[in-house]
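Written out below as structure tokens is the structure these notes cover.
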Amino acid sequence: MEQTEWGILVVNYLFLAGVSAGAFAISSFATYIGGPHFRRVARIGALIAPWPVMIGVGVLVLDLGRPLAFYNLFLTIQFTSPMSIGTWLLTGFILLSLTYAALWLPAPLDTLLRAPTQPRDLLHFTRWQPRAPQTIRRARAILAAIGFPIALGVGIYTGILLGAVPARPLWNTPMLAQLFLFSAMSSGTAMVLIITALLGTRHETGFEEERRLLISTDVVLIVLEIFMLIPFLLHHALSTWSSASSIELILGGEYTLWFWIGVILLGILLPLAIEGYELFPVILKEGAARYSLALSAASGVLVLIGGFILRFVFVYAGQVSHFLPVVAR
Amino acid sequence: MRGQSIKVGDVFAWEMSRREFLGMGAVALGGLALSSIPFAPWLLGSGKAPARGNAHLPPVNFDREVYTLCEQCVWRCGLRAKVLNGKVYKLDGNPYHPHSNGMLCPRGQAGVATLYDPDRLRFPMMRAGDRGSGLWKRISWDDALNYTAQKMQAIKQQFGAEALVFSSTHNLAQTQFENLLRAFGSPNYGTQRSLCFNAMIIANLMTFGMQEPDRDYSAAEYIIYTGRNLAEAISNSETQDMIAAIARGAKVVVLDPRFTKSASKATEWLPIRPGGDLAFFLAMLHVLVTEELYAKNFVAQYTVGFDDLAKAIKPYTPEWAASKTEIPAATTRRIAREFALAAPHAFVHNNWRTSNFVNSFQAERAMAIMNAITGNWQQPGGLFPSAGEGGIPLGAPPQPPYPRVSALRLDGVPSKYPLVPLDIGVFQEIREAILAEKPYPAHGWFVYRQNPIASLPERRKTLQAFSKLDFVVTIDTTMNDTAWFSDVVLPEASYLERYDPLTVVGDAVFLRQPAVDPLGESKSALWMFKELGTRLGLQDYFQYKDDEDYLRQQLQPLGVTLEEVKAKGFYRPPAPAAAATDFKFDTPSGKIELSSLSLAKSNFPAVPVWQEPPAPLADQFYLLTGKVAYHTQFSTQNNKLLHELFPKNTVWIHTTPAATRGIKDGDAVYVESPAGKVKTTAQVTEGIRPDCVYMTPGFGHLSKGTRTSYGEGASDSELHLTFSDPASGGQALTQTFVKVYKA
Amino acid sequence: MTAQNKKRWGMVIETKRCIDCKACMIACEIENQVPLGKHRNWVGHVGPTGTFPVLGLRFEPGNCMHCENPPCLRVCPTGATYQREDGLVLIDYDKCIGCRYCMQACPYDARYFDPARGVVDKCTFCVHRIDAGQPPACVETCVGGARHYGDLNDPNSEVSKLLATNEHSVLYEEAGTEPKIFYIS
Ligand SMILES: Nc1nc2c(c(=O)[nH]1)N[C@H]1C(S)=C(S)[C@@H](COP(=O)(O)OP(=O)(O)OC[C@H]3O[C@@H](n4cnc5c(=O)[nH]c(N)nc54)[C@H](O)[C@@H]3O)O[C@H]1N2
Ligand SMILES: Nc1nc2c(c(=O)[nH]1)N[C@H]1C(S)=C(S)[C@@H](COP(=O)(O)OP(=O)(O)OC[C@H]3O[C@@H](n4cnc5c(=O)[nH]c(N)nc54)[C@H](O)[C@@H]3O)O[C@H]1N2
Ligand code: SF4
Ligand code: SF4
Ligand code: SF4
Ligand code: SF4
Ligand code: SF4
Ligand SMILES: [Mo]
């Protein structure tokens, strides 16, 4: 009985949770390096973080057979169930990221006083860099510190959720968690990359540093992803019958095109090329980087698409993979 | 809802969109809202049961458990109907019944879905358009019975009683159906038998003087089946016996051109060439006789005609047989010796549906003789005289003698088929006679519990025959193909809703009794026949007040009350004084006839001799038919649970001929015979002889009144040609050769 | 209850006795009101293998294995899936939220989602019947006599005797689920 009980809603959930985790991580990272250059990254990451995961969770509840019974999740904690742990982890993360986001809000008064005259003004607050009160800055630092590992946890969790079931050989490897983690981080970064790009503002002080931070982080994460994927494929291909045949779904099966075009080409190679192109001069220490907001936005979008398809491929192909031999029913 | 509005006098088209009939369910057909059935999601196609915690698991206590009989096939196992809130919740096997031993086969288990099939007939109907148009008019029982009786009388007055054909397939109320037709005075009675087991029955009569001896599986060490596929063509208790014997280590040989599930369980499968069975057993006999492996004393004491036999089978060496059977001579010889070694704790199974070839009768004779000369008669693991259904004498309502019938029978018995007993007949010949209008034209057909349009070979001919008739009435439980083309359809209450006459199995009488009330206006056959008889002025032949009264009269000599029998559904009278030790065979000679006087008298070979069966041309295949475990004949395909297991048939074709025709598994193909052509799906398999193809019977329904099965699969009866074996009148179902090509 | 007299329900299936009649499936569907299209038990088949006329065909009936160490239970986030003292793995339909995580975890695909009730369901070992001293519906009707059930802790039970006297195996032993359906072929 071939089952794909988990559908596109679950794919969304895993993807969105990842984006949030990534956004939070890059934000707290930026907070840590500190300094005016990275404040915008920190703020945007923080303001983004809570929302995707909340949408994702909402979507997941709708996917339940008995959505109204979802509260049963909160009446217990099952230590052997990643989903139960994840429920509490996500709840914690959502509450924390909401608070964190609130701390990064500009002083409301200020935004209200500034009557928008042209559309771009709506985004003024992002340029607004008050010397926020000590207390707030300390609070941001503390939440960033506590939140960082939790965010990583959420990123890992999306992989563990699938990885914890031996019955699905394609999922059942620790590498899946790391793979999803890096993909989550780069998706989050990509999100920030896109927003900052949309906001433009070349003449921002520290613009160069900000781009370098975002793009190089993303490059590093993508490269890490590649280093996860290669052993992942090899491990499966060289492993047990079940394992090997499960990877066939990706290497030479229904999901091959999705994987190679969607995940590898769109999600990894193209963004890497674009970002490489932008950074090249810097890396070779000859002349200024070729930062282009359009390119950043494009690479960011590609990373997000790739991240989504990655989860799509794994959620679906994984459910088709079985222990072998399977007796026909 | 439109459905509920169908009142007496309304004309309606049976066809309704699936949604419509799922929505209003059986309401359309007589006032049973499916939603009112407690827990029956499998009827509606979705779970209707409430989300239940462990507090609400399925019920274990029921309002009552009714011990009655299955009717999903003619084996009639005993069952327990568990009734809750006036509905049958579940059927389980009756441990007291020797046919079920507490188990039900898939068809028996699925009986609840037959009982609550939305397509059940719920009220009498009269055709309101052309035959087969699907336009019906709901009529009252009075109108239905009066109209039917009046039509029957009209035919009788104008053309004589013989112009009305009666037919039915073995069932418990059959005695009363036969009572009706004899009282009415028609000699023309068709049963399924000639499509089924004539060859076997008559071969046994000629040899042992009984229709079918019993078999003792408990001690059998060696069993040979010749096409009997007990694993799929299930006879519950015997299927259980076969598996038990195999598990016990008995050696089982299966001869079948097809790798059946029985073959897969057997110790040895021999993919014999169709029609070669006779040659195989002639060669077996040759080995037993020439190597003197037979039971000399038994043969001398209990049989006649051994010398004629010995002479006749001289030429039939295993080497000779090899070309006919395509079984290596060495194998045939080995099996003959193994069998003789295991004898008398061994038997050659005489099979059941032996309607395969014109030579099937001779083959059956050879098998019977194999048993006889190895002396397995009344030996552990051998054959035993069967008490049959007459084991315990029952009472019956008083009645006057039947009118003498002078008219010839349309099926040519006995003139054309001297060996065929009158009560067995040659069904397919009746249809031929209707078409030829010889010896005289028929004008009406009364069908009871039978589906001749589907079960007779050459479906087109049967439809033509119908179109020649002025009047066709059918009694059934669902709108089968035959009912669909009838003028009047009378709804019988299902087997879980009615009484039937008692049935004797072994040393006990068993009772069918209602577990729940009949749906709609459906009634028991006992009631219908009495009502019709009365309207035909034949009330003296139906001297019972009602069904229970009929049963009381049957039980009268046993000195037990109906109430007592109802409790567990059976009564076992105190064992009669031990039967006479020296058993006498009911043959002219009083012995087992290896050489048959009766056959000789009618100018048939007295001992089995080879008869070459026709063979397909190079580009043709033998068309095999055969049951699957999940369906009964032509009747259960509309059962939602069974339909889910086996929704449609395919045509099996061997890998090699498929390849040469460019046919891949799952391809649409045409199967074509001189009789017709059907489109179906190819199932490419190694499990069949390259010169054969196989189709499961019972599909390709014409009736839109069976909405679950309509349009599913293809009918092999459309393809079968009509051949009656002159000795037994058995229809030769494998003697049709077909072409198969890509659609 | 002491370990000795504590029940441990299990099944033994003699594959050589199975004729693929699927009476067990129909019996289960009706007994447990399984929605059309879903199944709590099954009859798998291998074959026909080989080439004409040397062929093989094997049937493998199954249902929830009531694993000693059930991955379905492990991953259930609400505790809806639980294990009884007698080892039966059951579902509390009131706690079940229909997340279908257990379906991913079951190596035997023994579970199904019941869309009408919004919960996941599976073989209950006919717990309602055995608690009332009756055999499971599929065992009771098994025409081939292939399905047996009983108390694995009771050396005199039919299943214990069968296991004691026959070679047997379980499915996907490597999964470490310790299934309690044992196969004799
Ligand atoms: N192609 C092909 N033809 C065959 C065969 C084959 O294998 N292949 N097999 C042959 C054999 S062995 C046989 S026995 C015959 C059978 O030939 P038939 O007896 O004509 O076929 P069935 O489907 O058994 O018909 C039984 C009818 O009785 C109805 N019925 C069921 N229960 C009841 C009830 O309680 N009351 C009433 N009134 N009706 C009921 C069913 O709806 C069905 O319409 O077919 C023969 N013809
Ligand atoms: N599930 C189920 N069980 C049933 C029935 C049912 O409809 N469904 N019907 C009942 C009835 S009425 C009957 S008569 C019996 C019939 O039961 P069986 O006697 O077993 O008859 P079939 O299943 O019709 O055909 C058996 C085999 O004959 C093979 N065959 C065809 N031609 C030849 C030949 O020339 N030589 C040999 N050796 N084999 C050949 C076919 O391949 C097929 O596998 O089953 C009874 N039991
Ligand atoms: S064999 Fe099956 S269908 Fe036939 S009577 Fe027995 S249980 Fe019913
Ligand atoms: S009921 Fe028994 S014999 Fe029939 S399929 Fe199920 S397990 Fe096999
Ligand atoms: S078979 Fe599947 S559902 Fe049953 S206990 Fe084992 S893991 Fe759970
Ligand atoms: S579907 Fe129900 S039983 Fe399965 S894991 Fe979710 S809550 Fe547990
Ligand atoms: S034990 Fe009961 S629930 Fe489980 S498969 Fe058998 S019949 Fe179905
Ligand atoms: Mo038959």
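Heavy-atom distances place both the backbone and the side chain of C:Ala27 under 4.5 Å from chain B. Neither the backbone nor the side chain of C:Glu14 comes within contact range of chain B, judged by heavy atoms closer than 4.5 Å. Contacts of B:Ala263 with chain C are absent, with no heavy-atom separation under 4.5 Å from either backbone or side chain. At a 4.5 Å heavy-atom cutoff, the contact between B:Leu645 and chain C is made by side-chain atoms alone. Only the backbone of B:Ile688 comes within less than 4.5 Å of a heavy atom in chain C; its side chain stays farther off. When heavy atoms are compared at a cutoff of 4.5 Å, B:Arg689 approaches chain C by way of both its backbone and its side chain. Of the two parts of C:Lys95, neither the backbone nor the side chain holds a non-hydrogen atom closer than 4.5 Å to a non-hydrogen atom of chain B.
When all heavy atoms of C:Phe59 and B:Lys261 are compared, the pair lying nearest together is CZ-CG, 3.7 Å. The minimum heavy-atom distance between C:Ile26 and B:Gln109, with the atom names listed, is CG2-CB, 3.6 Å. Taking every heavy atom of both residues into account, C:Glu31 and B:Pro58 meet most closely at O-CB, 3.5 Å. The heavy-atom pair separating C:Leu55 from B:Gly687 by the smallest distance is CD1-CA, 3.6 Å. Closest heavy-atom contact between B:Ala110 and C:Ile30: CA-CD1, 4.2 Å. Shortest non-hydrogen contact noted between C:Ala23 and B:Cys105 is CB-C, 3.8 Å.
Counting only heavy atoms from C-beta outward, the side chains of B:Pro106 and C:Cys21 approach each other to under 4.5 Å.
Listed by sequence position, C:Ala137, C:Glu140, C:Thr141, C:Cys142, C:Val143, C:Gly144 are the residues of residues 136-145 of chain C in contact with chain B, using a 4.5 angstrom heavy-atom cutoff.
From B:Glu644, atom CD reaches atom CD of C:Glu29 across 5.5 Å, with rounding to the nearest 0.5 Å. With rounding to the nearest 0.5 angstrom, the OG atom of B:Ser264 is 9.5 Å from the CD1 atom of C:Ile19.
If you tally non-hydrogen atom pairs under 4.5 Å between each of B:Arg107, B:Gln240, B:Met242 and chain C, the highest count goes to B:Gln240.
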Exercise for the section: Kindly indicate, with the supporting measurements, whether the criterion side-chain contact (heavy atoms from CB on, under 4.5 Å) is fulfilled by B:Leu641 and C:Leu36. Expected result: CA-CA 8 Å; B:Leu641 290 172; C:Leu36 207 58; 4.1 Å; yes
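Taking 4.0 Å as the cut-off between side-chain N and carboxylate O, B:Lys265 and C:Asp20 do not count as a salt-bridged pair.
The environment of CD in C:Glu174 is crowded: more than 12 heavy-atom neighbours from other residues, nucleotides or ligands sit within 6.0 Å.
One N or O on the side chain of B:Glu686 and one on the backbone of C:Phe52 form a donor-acceptor pair closer than 3.5 Å. Remark: side-chain polar atoms of B:Tyr630 are not paired, donor with acceptor, to backbone N or O of C:Lys22 under 3.5 angstrom.
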